[in-house]
Amino acid sequence: MLWLWTIYARILPFALKAIDSDNGSEFINYHLYRYCAEHSIQFTRGRPYKKDDNAHIEQKNWTHVRKLLGWERYDTPEALAAINALYRGPWRTMMNLFQPCVKLREKVRVGSRLIRRYDEAQTPLDRLVAHYGENASPKAVRALLEARKVIDPFILAGEVERQLGEILGVKPVKNNHRIIQLAQISPSPRGGGDEALTPDPAAYVW
């Protein structure tokens, strides 16, 4: 997995300061530990059988993967190439530059009820700008802001649906400007509906 982190370090529009991985040997090894030590990157891991340690990432596995592609098995080179093109291209741009998400600010218990309060919905790019300040944002962040000005989100959504249609083997819906087309071929093995029960916590998905 070391090659993956080196790629992340190059494409992220901010400095990579820490890695919090799962606890498998594909992450916990001397190669990744040495890389983190050489680049002054903090390295922590989640605990075994404690999915809540990386709750935001687990939640994104649903909103950014399963909700889009379903539970079908894609095991051909052609499917791999199509999925990589979607996630490296229009889907990545859509989710980071145009898709707002909310972040949990607090949970308050009132009697037997648990009340959750969320912040104002923002895109991951806007959260970066708010973090740095528009004038102090890194060059990569400013470049993304300029790119967003010339991208038509409706055309981008159409490209997402077109590429998704190729992956799923179905024709995309014409004249449909939803951000994603929920084309669940097979239901969740855990049962239940396809809609998330709570708003999306914010997590950068670059």
Side-chain angles (χ1 to χ4, degrees), residues 1 3-5 7-8 10-14 22 26 51 54-103 118 121-129 140-141 143-206:
M1 297 297 293
W3 63 270
L4 183 61
W5 294 115
I7 292 175
Y8 280 160
R10 290 198 301 267
I11 66 174
L12 287 173
F14 46 82
D22 283 341
E26 67 273 25
K51 292 193 296 183
N54 284 316
H56 286 180
I57 299 302
E58 296 293 340
Q59 196 266 354
K60 293 301 177 184
N61 288 340
W62 160 245
T63 60
H64 291 62
V65 182
R66 296 305 183 187
K67 199 171 183 180
L68 182 70
L69 297 176
W71 275 264
E72 286 292 295
R73 179 182 177 89
Y74 302 99
D75 54 3
T76 65
E78 294 77 15
L80 174 62
I83 292 173
N84 284 339
L86 175 62
Y87 275 83
R88 291 170 180 169
W91 185 243
R92 172 187 170 191
T93 302
M94 175 66 76
M95 301 310 290
N96 283 295
L97 273 59
F98 295 100
Q99 179 61 58
C101 54
V102 295
K103 190 172 184 179
Y118 297 87
Q122 292 180 295
T123 67
L125 177 57
D126 290 328
R127 291 188 184 278
L128 274 178
V129 174
V141 175
L144 289 170
L145 286 171
E146 292 300 317
R148 185 168 63 176
K149 295 178 181 178
V150 298
I151 297 175
D152 187 329
F154 295 114
I155 296 177
L156 185 64
E159 181 62 18
V160 169
E161 292 192 356
R162 185 191 68 79
Q163 292 192 21
L164 180 61
E166 293 180 357
I167 295 171
L168 300 177
V170 297
K171 295 180 179 179
V173 178
K174 294 182 179 180
N175 301 322
N176 189 331
H177 295 317
R178 289 178 301 170
I179 291 179
I180 59 173
Q181 174 187 351
L182 295 181
Q184 290 284 62
I185 291 180
S186 57
S188 166
R190 295 173 293 182
D194 290 333
E195 295 300 325
L197 297 180
T198 59
D200 296 350
Y204 297 136
V205 292
W206 305 96

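For reference, positions follow the sequence shown, starting with 1.
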Any idea which heavy atoms bring Ala85 and Pro90 closest together, and the distance? O-CD, 3.8 Å
Which atom of Gln163 lies closest to which atom of Ala82, heavy atoms considered: OE1-O, 4.5 Å
Check the orientation of Trp62 and Trp71. Use parallel for under 30°, tilted for 30 to 60°, and perpendicular for over 60°. tilted
Is there side-chain contact between Thr123 and Leu97, with heavy atoms separated by less than 4.5 Å? no
Return the OG1 to CE distance between Thr63 and Met95, rounded to the nearest 0.5 Å. 6.0 Å
When rounded to the nearest 0.5 angstrom, what distance separates OH in Tyr74 from CG in Leu168? 4.5 Å
Closest non-hydrogen atom pair between Asp126 and Arg148, with its separation: OD1-NH2, 2.9 Å
Mind listing the closest non-hydrogen atom pair of Leu68 and Tyr87 along with its distance? CD2-OH, 3.6 Å
Non-hydrogen side-chain atoms of Leu144 and Asn96 separated by less than 4.5 Å: no
To the nearest 0.5 Å, atom CZ of Arg162 lies from atom CG of Leu86 at 10.0 Å
Rounding to 0.5 Å, atoms CH2 (Trp91) and CG (Leu69) come to a distance of 9.0 Å
Could you tell me the separation between the CZ atom of Arg66 and the CD atom of Glu72, rounded to the nearest 0.5 Å? 10.5 Å
Between CD1 on residue Ile167 and CD1 on residue Ile83, distance to nearest 0.5 Å: 5.0 Å
